[in-house]
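All chains are named by letter (A, B, ...) in the order of the sequence lines, taking the proteins before the strands, and each is independently numbered beginning at 1. Remember, predicted model here, so these are calculated numbers, not experimental data. The figures that follow rest on heavy atoms only: side chains count, while hydrogens, waters and symmetry mates do not.
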Amino acid sequence: MPELPEVETIVRRLRKDLIGRKIESADLLWDRTLVTPKPAHFKKNIVGQSIDSVKRRAKYIVLPLSVDTLIIHLRMSGDILIRKDGEAIHKHDRLILHLSDGHYLAFSNMRKFGRVWFTPNPEDVLGKLGPEPLSDDFTAETLYKRLKNHKRQLKPLLLDQHFLAGMGNIYTDEALHLADLHPLSKSDLIRWKQAEILWRSIRKVLEEGIRQNGASIDWIYRGGDFQNYLHVYGRKDEPCFKCGTPIQKTMVGQRGTHFCPQCQKF
DNA sequence: ACGAGCGCCTGTCGGC
DNA sequence: TGCCGACAGGCGCTCG
């Protein structure tokens, strides 16, 4: 489900509900959700810690607590819901945190790919991530230099969280189309001008995604509207908005990949 | 270093 | 209608 704009949307909502709340108890409903520590240690030590802030790093939700840090990755099908005490838990809830204000936090995760870390050292989890695409120090020059450091297909490289942290399948397809770049183009062959346009395109699709509160696709609806602004993703066989050529769908790095064969030449 | 293939999971959709 | 494979917003692993 979530890429950077969807996670940012969730984080902004959680900020209103969670800051200052104390965690009174935790129920782990699917043990493999928790990467570290052991469930018993987790359930014992999280009790009594309060939530100091709600942050995002790439696609990770980061909750600095009074002592440790709780980190959540939603992967494909995760979401975070806040419900009132007494409301029934849902079928796909994997972790419940009971809060001090009469609500509980539910980590819903149908496909069970999502993961949670509870650690005193958040850098162990987040330390190897690439640059944050919307931060001030991610410049067009930065992107250009990093592209030149690899000889890789553009799309898998943009999806590599060590290269750039936060892009996912939808926003990568959209950014490459906006920049008129083929998903299989080799990164070291990108010219400066193209890199600058790609940099601007990445920022633009992410910012617009956040402005629209993310994309709501399939059965999971969270109120975002970016699905109405997609130019290639999910538009196989429909005309390119720039040139009218039917959008093609192929597989690149085992991911469905949408592009315009006219605008995005190899 | 790079890319392909697979595993992890549950659910939906399209084709036969 | 029912079955069955393909596919889904992610990522870590192995292998060549």
Side-chain angles (χ1 to χ4, degrees), chain A residues 1-11 29-36 56-61 71-80 90-95 107-117 124-130 133 146-176 183-189 202 205-206 208-210 212-237 249-258:
Chain A
M1 168 175 66
E3 305 180 30
L4 189 154
E6 287 75 29
V7 177
E8 178 65 23
T9 300
I10 290 171
V11 160
L29 307 175
W30 175 255
D31 275 1
R32 295 181 61 183
T33 299
L34 188 64
V35 178
T36 186
R56 177 189 61 75
R57 172 72 171 105
K59 303 175 199 172
Y60 293 82
I61 297 166
I71 301 173
I72 302 170
H73 197 306
L74 304 171
R75 293 279 180 95
M76 290 285 269
S77 61
D79 200 359
I80 306 277
H90 292 197
K91 184 179 180 183
H92 301 303
D93 290 350
R94 309 300 180 198
L95 172 67
F107 174 36
S108 168
N109 192 218
M110 183 187 75
R111 290 176 71 183
K112 299 179 176 174
F113 292 164
R115 291 293 179 265
V116 171
W117 297 257
D124 290 352
V125 182
L126 307 172
K128 291 182 177 173
L129 287 169
R146 291 176 76 86
L147 288 169
K148 291 287 169 190
N149 281 338
H150 298 275
K151 298 185 181 192
R152 289 182 62 184
Q153 301 166 344
L154 272 187
K155 177 169 178 181
L157 185 57
L158 292 176
L159 286 173
D160 184 335
Q161 301 297 300
H162 304 289
F163 179 79
L164 183 63
M167 296 290 282
N169 205 36
I170 293 180
Y171 292 88
T172 301
D173 279 4
E174 293 297 318
L176 288 171
L184 292 177
S185 293
K186 295 293 184 163
S187 59
D188 59 319
L189 302 180
I202 289 168
V205 296
L206 292 176
E208 184 62 15
I210 291 171
Q212 300 298 333
N213 299 311
S216 309
I217 293 176
D218 293 344
W219 68 102
I220 301 177
Y221 177 72
R222 287 199 322 278
D225 292 316
F226 192 64
Q227 72 279 6
N228 300 321
Y229 298 84
L230 299 174
H231 288 213
V232 283
Y233 187 87
R235 296 196 64 247
K236 174 176 148 64
D237 297 332
K249 185 178 180 191
T250 59
M251 280 296 203
V252 175
Q254 343 284 93
R255 311 299 302 277
T257 297
H258 312 72

- Whole angstrom is fine here: how far is it from CG in A:Asp93 over to C1' in B:dT10? 15 Å
- Quick one: A:Lys155 NZ to B:dC2 C1', roughly how many Å, whole number? 17 Å
- Message: By the definition side-chain hydrogen bond (donor to acceptor under 3.5 Å, both in side chains), identify the one residue from A:Glu6, A:Glu3, A:Glu208 that meets it with A:Tyr171.
- Response: A:Glu6
- Within this structure, what is the CG-to-C1' distance between A:Asn109 and C:dC11, rounded to whole angstrom? 13 Å
- Item | Among C:dC11, B:dT10, C:dA8, the one nearest A:Gln161 by side-chain distance | C:dC11
- Aromatic stack A:Phe113/C:dC11: centroid gap under 5.5 Å, interplanar angle under 30°: no
- For the residue pair A:Leu189 and A:Lys151, establish whether any side-chain heavy-atom pair is separated by less than 4.5 Å. no
- Looking for any heavy atom pair under 4.0 Å, which part of the strands does A:Gln153 touch: base, sugar-phosphate only, or nothing? sugar-phosphate
- Message: From the set B:dT10, B:dG3, C:dC11, return the single nucleotide nearest to any side-chain atom of A:Lys59.
- Response: C:dC11
- Query: Counting only side-chain N and O atoms of A:His150, is one of them less than 4.0 Å from OP1 or OP2 of B:dA1?
  - Reply: no
- Check whether any side-chain nitrogen or oxygen of A:Lys91 sits under 4.0 Å from OP1 or OP2 of B:dT10, and answer yes or no. no
- Message: For a quick check of understanding: with a heavy-atom distance under 4.0 Å over all strands, which category does A:Tyr233 fall into, base, sugar-phosphate or nothing?
- Response: sugar-phosphate
- Tell me, with the steps shown, if A:Asp173 and A:Lys155 meet salt bridge (Lys or Arg N to Asp or Glu O under 4.0 Å). CA-CA 8 Å; A:Asp173 279 4; A:Lys155 177 169 178 181; 2.8 Å; yes
- Item | C:dC7 and B:dA4, which share atom name P, separated by this distance in whole Å | 16 Å
- Task: In whole angstrom, give me the gap between the P atoms of B:dC6 and C:dA6.
- Result: 12 Å
- Message: Nearest whole Å is fine: how far is B:dG3 P from A:Gln254 CD?
- Response: 12 Å
- Item | Touch class at under 4.0 angstrom, heavy-atom based, for A:Met251 against every strand present | sugar-phosphate
- Query: Considering the options A:His73, A:Arg56, A:Arg57, which one meets the side chain to side chain contact (heavy atoms under 4.5 Å, CB included) requirement together with A:Val7?
  - Reply: A:Arg56
- Message: Could you tell me how far apart A:Leu29 (CG) and B:dC9 (C1') are, to the nearest whole angstrom?
- Response: 16 Å
- Task: Give a yes/no answer on whether the side chain of A:Lys186 brings an N or O atom under 4.0 Å of OP1 or OP2 in B:dG3.
- Result: yes
- Task: Using a 4.0 Å heavy-atom cut-off across all strands, classify A:Gly256 as base, sugar-phosphate, or nothing.
- Result: sugar-phosphate
- Message: Less than 4.0 angstrom between a side-chain N/O of A:Lys249 and OP1 or OP2 of C:dA8, yes or no?
- Response: yes
- Task: Look through every strand shown and name the nucleotide pairing with B:dC9 as Watson-Crick or G-U wobble, where both distances are under 3.5 Å.
- Result: none
- Return no unless some side-chain N or O of A:Arg115 is found under 4.0 Å from OP1 or OP2 of C:dG12. no
- Task: Mind running side-chain contact (heavy atoms from CB on, under 4.5 Å) on A:Leu74 and A:Ile10 for me, showing each step along the way?
- Result: CA-CA 11 Å; A:Leu74 304 171; A:Ile10 290 171; 3.6 Å; yes
- Message: Under 4.0 Å from OP1 or OP2 of B:dG11: is there any side-chain N or O of A:His92 that close?
- Response: yes
- Query: How many Å lie between NE2 on A:His162 and C1' on C:dC13, as a whole number?
  - Reply: 12 Å
- Query: When the distance from CG of A:Leu159 to C1' of B:dA4 is rounded to whole Å, what number comes out?
  - Reply: 15 Å
- Note on the structure: Between A:Gln153 and A:Val252, the two heavy atoms sitting closest are OE1-CG1, 4.1 Å
- If we take the C1' atom in both C:dC3 and B:dC8, what is their distance in whole Å? 24 Å
- Please state whether the phosphate of B:dT10, meaning OP1 or OP2, lies under 4.0 angstrom from any side-chain nitrogen or oxygen of A:Lys112. yes
- Task: May I ask you to test the A:Asn213-A:Phe226 pair for a side-chain heavy-atom distance under 4.5 Å?
- Result: no
- Message: Whole angstroms only, please: what is the CG-P distance between A:Leu74 and B:dC9?
- Response: 17 Å
- Query: Does a distance-only test, which skips hydrogens and angles, find a donor-acceptor pair under 3.5 Å between the side chain of A:Arg111 and the base of C:dA8?
  - Reply: yes
